[in-house]
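Below: the structure, in structure tokens.
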Amino acid sequence: MTITDVKPTESEPEPGKARHSKNKRIDGTRRRGIALHVSLILGVLLSAFPFYWAVIMSTHSSTEIFSYPPKLLPGSHLGDNLSKLFDSIDFFGSMFNSLLVATTVTVLVLFFDSLAAFVFAKFSFPGRGVLFAMMMMIFMVPAQLQAIPQFVIMAKLGWIGSMTSLVVPAAANAFGIFWMRQYMKSAIHDELLDASKLDGASFMRQYWHVALPVVRPGLAFLGIFTFMGQWNDYAWPLIALTNPDNVTLQVALSQLNGVHGTTDYGMVMTGAVLALIPLLIVFAIGAKQIIADLGKGAIR
């Protein structure tokens, strides 16, 4: 019997069937990959369409915005909308106020929240559990319930009408402490702290040189979250800033409703689109920092 007469055993598949089965698996994986990419693209398009629609509306007049069929291409009224916007409110002054408040609050939150979270996550002291439970109870209280007592406190301190009434109450928050505590518990190893103690590092040196470099992705997320929250805040600045010439951007934009007797939606959307630009810049910087730090951690 020659070699060519030998037939494959039943336990071993024939070469043709093996190749067919392998190609079938590859085709199935490829189809799933294509379906996943198509779903992601559709999700991105659906998420980006409201922003695109806002940009389109900012280039049209109110009459064109409510026309049918709706206009999906840029119009020619952007210049007129910008001119009416800058004539109606102090746009750049209000934007500066919002930038000042949001930036100051973000820096203070990153410092105080990460410092408190470092203590809760890596140090034992009497009453730690009770203090953390009290903080979580504060976290569960709606912000609307805090408005009246907060206003009374700010009024007694004489801060109503100034930016201080916006910065000081928001300088630390329970969510930031909770978020950074959970992040630090898993990201900072006790061996690092023990090694720094053997080197004679003080508490602040451990916090600044050991903890913060490790938790930069968590800080980047908290910074984006805090900046966006302060930038978009409307209710508390409307209550606390009694001087109409010293308002934040969101309060100033609300004054555009009915500023000419009827609401000019083209002008309103122009202001809303311009107000989104700082948020996009902050998000791009923060997201880049998160990706870069996660990549470095993976390499390590």
Any non-hydrogen side-chain atom of [X] less than 4.5 Å from a side-chain atom of [Y]?
| X | Y | result |
| --- | --- | --- |
| Leu279 | Asn232 | yes |
| Met204 | Leu115 | yes |
| Met136 | Phe178 | yes |
| Leu157 | Thr164 | no |
| Leu193 | Val210 | yes |
| Met180 | Phe221 | no |
| Val282 | Met228 | no |
| Ile89 | Leu253 | yes |

Find out if a path of hydrophobic residues (ILVMFWY) with successive side-chain heavy-atom gaps under 4.5 Å connects [X] to [Y].
| X | Y | value |
| --- | --- | --- |
| Leu249 | Ile277 | yes |
| Met154 | Ile138 | no |
| Phe227 | Ile281 | yes |
| Tyr265 | Leu85 | no |
| Val105 | Phe139 | yes |

Decide whether a cation-pi geometry holds between Arg181 and Phe132; the criteria are a distance under 6.0 Å from NZ or CZ to the six-membered ring centre and an angle within 45° of the ring axis. yes

Distance check, rounded to the nearest 0.5 Å: [X] atom [atom1] versus [Y] atom [atom2]?
| X | Y | atom1 | atom2 | result |
| --- | --- | --- | --- | --- |
| Leu166 | Asp233 | CG | CG | 7.5 Å |
| Leu45 | Ser47 | CG | OG | 8.5 Å |
| Met135 | Asn173 | CE | CG | 9.5 Å |
| Lys185 | Asp190 | NZ | CG | 11.0 Å |
| Phe51 | Leu276 | CZ | CG | 6.0 Å |
| Gln250 | Gln255 | CD | CD | 12.0 Å |

Taking [atom1] in [X] as the centre, count heavy atoms belonging to other residues, nucleotides or ligands within less than 6.0 Å. Is the count above 12?
| X | atom1 | value |
| --- | --- | --- |
| Trp208 | CH2 | no |
| Phe203 | CZ | yes |
| Arg128 | CZ | yes |
| Met134 | CE | no |
| Leu145 | CG | yes |

Is the side chain of [X] donor-acceptor paired with the backbone N or O of [Y] at a distance under 3.5 Å, no angle test?
| X | Y | answer |
| --- | --- | --- |
| His77 | Met267 | no |
| Ser94 | Asp90 | yes |
| Thr59 | Gly75 | yes |
| Ser58 | Val55 | yes |
| His209 | Arg205 | no |

Any idea how Phe125 and Phe120 line up, ring-wise: parallel (<30°), tilted (30 to 60°), or perpendicular (>60°)? tilted

Taking all non-hydrogen atoms of both residues, which atom of [X] and which atom of [Y] are closest, and how far apart?
| X | Y | result |
| --- | --- | --- |
| Ser98 | Thr248 | OG-CB, 3.3 Å |
| Ala117 | Ile177 | CB-O, 3.6 Å |
| Leu241 | Ser165 | CD2-OG, 4.5 Å |
| Lys197 | Gln206 | CG-NE2, 2.9 Å |
| Ala187 | Val215 | CB-CG1, 4.3 Å |
| Pro213 | Arg216 | O-NE, 3.6 Å |

Would you kindly say whether Tyr207 and Ser114 are connected by a side-chain donor-acceptor distance under 3.5 Å? yes

Does one side chain, of Ser62 or Asp264, offer a donor that lies under 3.5 Å from an acceptor on the other? yes

Asn81 vs Met269, test: side chain to side chain contact (heavy atoms under 4.5 Å, CB included). Steps then yes/no. CA-CA 9 Å; Asn81 292 334; Met269 293 311 302; over 6 Å; no

Taking transitive links into account, so neighbours of neighbours count too, which hydrophobic residues share a cluster with Val247 at under 4.5 Å side-chain distance? Tyr234, Leu238, Val251

Under the criterion side chain to side chain contact (heavy atoms under 4.5 Å, CB included), which of Leu222, Thr226, Leu108 is the partner of Asp113? Leu222

I would like to know whether Leu82 and Leu274 meet side chain to side chain contact (heavy atoms under 4.5 Å, CB included); could you show each step before the answer? CA-CA 10 Å; Leu82 287 173; Leu274 292 179; 3.7 Å; yes

Just to verify, which of Phe175, Trp231, Phe283, Trp179 counts as forming a ring pair (Phe, Tyr, Trp, His ring centres under 6.0 Å) with Phe225? Phe175

Are the ring centres of Phe118 and Phe123 closer than 6.0 Å? yes

Test side chain to side chain contact (heavy atoms under 4.5 Å, CB included) on Leu219 and Leu212 and set out the steps. CA-CA 8 Å; Leu219 289 173; Leu212 289 189; 3.8 Å; yes

